[in-house]
Amino acid sequence: MAEVIVIGAGPAGASAALFLAKAGKETLVLDSNSSMTKRAWLENHYGVKELTGPQLLEIGREQAEKFGAKFIEEKVTVVDTNGGQTVYVKTESGRNYRAEHVIFATGALTDLASATGLELVDGREPRIKKVIDTDRYGRTSRPRLWAAGTVAGTSVHTIITSGDGAKVAIEIISELNGERYVDHDVLK
């Protein structure tokens, strides 16, 4: 059983996975390989001169894997909290996974969230009709289920969605640790 399953490996999901894995949390990322970032060209991402979306996705995955995050290409079809301490996740191939927490980082896609019973609200971005209703920390209407990035109502810009993924991961790590978690690297 993973401590956290992240659904989606775009900027929000991979960023969440990076922070979670670096904090020593067992992290599994299930990705359907449909990120809208695959079509992006980046010149507005702080610290990056120019980069393709596919390059950003590859770098983000490598960073998270460096710290132990596991990535599996699977489309999630069911998320069920069953009212308990464990979240059950089923994929299109019929595989089943379990975790203490799940992060929805599904970009513009809300079908899974809707099927899971999460509350949706109108989106603010062009072409983003619905998003998951969250509090300012990324908590959804259901315990142990979180949302980050565009599906949680943040701007579609990769720098913003990646930051939101990190924010939600920090909140989950803090909850799991029972105290506020901060991750600061320093030059050696």
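Computed from heavy atoms alone, side chains included, the values below leave out hydrogens, waters and symmetry copies.
The distance from the CG atom of Asp31 to the NZ atom of Lys75 is 12.0 Å, given to the nearest 0.5 Å. We find the CD-CG distance between Glu26 and Leu176 to be 12.0 Å, quoted to the nearest 0.5 Å. In this structure, the separation between CZ on Phe19 and OG on Ser162 is 9.0 Å, given to the nearest 0.5 Å. Here the OG atom belonging to Ser32 is positioned 6.5 Å from the CG atom belonging to Leu109, to the nearest 0.5 angstrom. Between Phe71 atom CZ and Asn33 atom CG the span is 12.0 Å, to the nearest 0.5 Å. Here OG1 of Thr27 is found 8.0 Å from CD1 of Ile103. Values are rounded to the nearest 0.5 Å.
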>> Checking Tyr181 against Lys25 for the side-chain contact (heavy atoms from CB on, under 4.5 Å) test, could you report, in this order, the C-alpha distance in whole Å, the side-chain angles of both residues, the deciding distance, and whether it holds?
In response: CA-CA 12 Å; Tyr181 176 79; Lys25 305 306 176 191; over 6 Å; no
>> Could you go through Thr86 and His101, starting from their C-alpha distance and side-chain angles, then the distance that decides it, and tell me whether this counts as side-chain contact (heavy atoms from CB on, under 4.5 Å)?
In response: CA-CA 7 Å; Thr86 302; His101 297 272; over 6 Å; no
>> Under the criterion salt bridge (charged side-chain N to carboxylate O under 4.0 Å, His left out), I'd like the reasoning laid out for Asp185 against Lys22: C-alpha separation, chi angles, the key distance, then a yes or no.
In response: CA-CA 11 Å; Asp185 295 325; Lys22 191 166 182 277; 2.7 Å; yes
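For Thr52 (side chain) and Gln55 (main-chain N/O), a donor-acceptor pair under 3.5 Å exists by modelled atom type. At least one donor-acceptor pair closer than 3.5 Å links the side chain of Lys167 to the backbone N or O of Arg136. A donor-acceptor contact shorter than 3.5 Å links the side chain of Arg144 to the backbone of Glu100. The closest donor-acceptor contact from the side chain of Ser15 to the backbone of Ala12 lies at 3.5 Å or more, if one exists at all. Checked by atom type and distance alone, the side chain of Thr37 never pairs as donor or acceptor with a backbone atom of Ala40 at under 3.5 Å. Looking only at distances, a side-chain donor or acceptor of Asp135 sits under 3.5 Å from a matching main-chain atom of Tyr137. Although no hydrogens or angles enter the test, the distance criterion places no donor-acceptor pair under 3.5 Å between the side chain of Thr134 and the main chain of Arg139. Of the possible donor and acceptor atoms, one in the side chain of Ser141 sits under 3.5 Å from a partner among the backbone N and O of Glu119.
Other residues, nucleotides and ligands contribute over 12 non-hydrogen atoms within 6.0 Å of the CZ atom of Arg180. Taking a 6.0 Å sphere around NZ of Lys90, one finds it holds 12 or fewer heavy atoms contributed by other residues, nucleotides or ligands. Environment of CG in Asn44: crowded, with over 12 heavy atoms of neighbouring residues, nucleotides or ligands closer than 6.0 Å.
The same ILVMFWY cluster, assembled from side-chain heavy atoms under 4.5 Å apart, contains both Ile160 and Tyr46. In the hydrophobic cluster analysis, where Ile, Leu, Val, Met, Phe, Trp and Tyr join through side-chain heavy atoms closer than 4.5 angstrom, Ile59 is grouped together with Val48. Both Ile170 and Val6 belong to a common hydrophobic cluster when Ile, Leu, Val, Met, Phe, Trp and Tyr are linked at side-chain heavy-atom distances under 4.5 angstrom.
With salt bridges taken as basic N to acidic carboxylate O contacts below 4.0 Å, none links Lys129 and Asp122.
Pro11 is listed as a side-chain neighbour of Leu57, based on a closest heavy-atom distance under 4.5 Å.
No donor-acceptor contact under 3.5 angstrom links the side chains of Glu171 and Ser174, judged on distance only. Inspection of the Arg142 and Thr81 side chains reveals an N or O donor paired with an N or O acceptor under 3.5 Å. For the residue pair Glu74/Ser93, the side-chain donor-acceptor check at 3.5 Å is satisfied.
Shown here for Thr161 and Ser155, the closest heavy-atom pair between the two residues is CG2-O, 3.1 Å. A pairwise comparison of heavy atoms in Ser35 and Gly10 identifies OG-CA, 3.9 Å as the closest pair. What you find for Val168 and Gly138 is that their closest heavy atoms are CG2-CA, 3.9 Å. The shortest non-hydrogen separation linking Ala108 to Ile128 is CB-CD1, 3.6 Å. What you find for Ala14 and Arg61 is that their closest heavy atoms are CB-N, 4.5 Å. In plain terms, the two heavy atoms of Ala23 and Ile173 that are nearest each other are CB-CD1, 3.6 Å.
Applying the 4.5 Å side-chain rule to ILVMFWY residues, one finds Ile5, Ile7, Leu28, Leu30, Ile72, Val76, Val79, Val87, Val89, Tyr97, Phe104, Leu112, Leu118, Leu120, Ile132, Leu145, Val151 in the same cluster as Val102.
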